[in-house]
Amino acid sequence: MVPAGRGWHPRSMTEDAACAVAHGEVPVDGGSRALVAVFASPVAEHLLRYGRDLGFRTLLVDPGPGRAADGALAEVPELGPDTDVVVTDHHRAELGAVLRDVLKRDVRWVGVMGNPRHAGPHVAALRELGVPESEIARVHRPIGLNIGSRTPPEIAIATLAGLLADRNGKPGGFAF
């Protein structure tokens, strides 16, 4: 008999480490990775919630008025090479300035939500601010795995799936 809550493989009747993970017996280890969502939005809400569940240290940055009361930082903090930054609204007036500030940091990955069939407004905004082309090229767009996501939870899942694949050294990728 297998103890309650312990996994086993039906063919071998032995405990299986993957089952222990599936049953929540092994804590999630996100390593030292941090996930920063820029701009409060439904996608940011899901990214941060799911990201915490996946072991990321999470943070919301939103320079909009009154956002600090929602727990968001008004300015981009010091970020390190263990940080993934996802901009969840490409229509905000602050887009260029926030991205410029993010690109000054040694972050691991930067992405901006958007439809791949349309030019990203971040490119023009960053050029107007004098950001070098090599830095603009660091910004990924679109974000997430190409799974046809349309809703905020789906976009968050597609984005996190790509970041997890990268974190785990797997080829999930962001190619479309």
Side-chain angles (χ1 to χ4, degrees), residues 30-52 54-146 149-167 172-176:
S32 63
R33 292 284 280 273
L35 174 64
V36 175
V38 177
F39 302 132
S41 71
V43 171
E45 178 185 335
H46 290 284
L47 271 173
L48 297 174
R49 181 183 331 146
Y50 300 158
R52 280 187 298 274
L54 295 169
F56 287 91
R57 296 183 333 267
T58 60
L59 178 66
L60 176 63
V61 173
D62 194 325
R67 298 294 186 190
D70 296 335
L73 294 179
E75 296 179 1
V76 176
E78 287 304 316
L79 304 171
D82 62 342
T83 305
D84 301 318
V85 179
V86 179
V87 177
T88 66
D89 186 343
H90 59 266
H91 295 295
R92 294 278 297 265
E94 307 96 327
L95 175 65
V98 170
L99 270 176
R100 176 200 60 210
D101 293 348
V102 166
L103 291 169
K104 288 179 182 176
R105 293 359 184 228
D106 184 26
V107 298
R108 197 199 65 75
W109 188 90
V110 181
V112 176
M113 266 181 42
N115 187 326
R117 293 182 296 275
H118 305 288
H122 69 285
V123 175
L126 289 170
R127 284 181 180 148
E128 286 177 23
L129 293 169
V131 175
E133 292 296 321
S134 61
E135 288 298 296
I136 295 171
R138 291 177 52 203
V139 180
H140 297 266
R141 185 171 176 276
I143 59 172
L145 299 183
N146 184 4
S149 52
R150 304 250 185 279
T151 67
E154 292 172 344
I155 294 166
I157 287 169
T159 302
L160 287 165
L163 293 174
L164 282 173
D166 178 74
R167 180 173 85 185
F174 290 91
F176 276 69

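All residue numbers in this chain count up from 1 along the given sequence. Bear in mind that the values here come from a model prediction, so they are computed numbers and not experimental data.
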Sub-3.5 Å donor-acceptor pair from the side chain of [X] to the main-chain atoms of [Y], do we have one?
X: T83; Y: L79; answer: no
X: R105; Y: P77; answer: yes
X: E154; Y: T151; answer: yes
X: D62; Y: A40; answer: yes
X: S41; Y: D89; answer: no
X: R141; Y: N115; answer: yes
X: E135; Y: V131; answer: no

- Message: side chain to side chain contact (heavy atoms under 4.5 Å, CB included), that's the test. Do F39 and V87 meet it? Break it down for me.
- Response: CA-CA 7 Å; F39 302 132; V87 177; 3.8 Å; yes
Closest non-hydrogen atom pair between [X] and [Y], with its separation:
X: A44; Y: L60; result: CB-CD1, 4.3 Å
X: A125; Y: G96; result: CB-CA, 3.7 Å
X: P81; Y: R108; result: O-CB, 3.1 Å
X: A161; Y: L145; result: CB-CD1, 3.6 Å

- Taking 4.0 angstrom as the limit, do R57 and D84 come out as a salt bridge?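 Salt bridge absent between R57 and D84.
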- Message: So for atom CD, which belongs to E75, do other residues, nucleotides or ligands contribute more than 12 heavy atoms lying within a distance under 6.0 Å?
- Response: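 For E75, atom CD is not crowded (no more than 12 foreign heavy atoms under 6.0 Å).
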From [atom1] ([X]) to [atom2] ([Y]), nearest 0.5 Å:
X: R100; Y: L126; atom1: CZ; atom2: CG; result: 9.0 Å
X: D82; Y: S32; atom1: CG; atom2: OG; result: 4.5 Å
X: L103; Y: H122; atom1: CG; atom2: NE2; result: 9.0 Å
X: L35; Y: W109; atom1: CG; atom2: CH2; result: 9.0 Å
X: E78; Y: D106; atom1: CD; atom2: CG; result: 10.5 Å
X: L164; Y: I157; atom1: CG; atom2: CD1; result: 11.0 Å

May I ask you to test the [X]-[Y] pair for a side-chain heavy-atom distance under 4.5 Å?
X: R33; Y: D166; value: yes
X: V112; Y: I143; value: no
X: L48; Y: F56; value: no

- Message: Could you work out, with ring pair (Phe, Tyr, Trp, His ring centres under 6.0 Å) as the rule, every residue matching H90, not counting sequence neighbours?
- Response: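 Partners of H90 by the ring pair (Phe, Tyr, Trp, His ring centres under 6.0 Å) criterion come out as none, since no residue qualifies.
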- Query: Checking side chain to side chain contact (heavy atoms under 4.5 Å, CB included) for the pair V123/E128: CA distance, chi angles, key distance, verdict?
  - Reply: CA-CA 9 Å; V123 175; E128 286 177 23; over 6 Å; no
- Task: Just do the side chain to side chain contact (heavy atoms under 4.5 Å, CB included) check on R92 and V98 with the steps written out, would you?
- Result: CA-CA 10 Å; R92 294 278 297 265; V98 170; over 6 Å; no
- Message: Ignoring hydrogens and geometry beyond distance, is a side-chain donor-acceptor pair present between T58 and R52 at under 3.5 Å?
- Response: yes
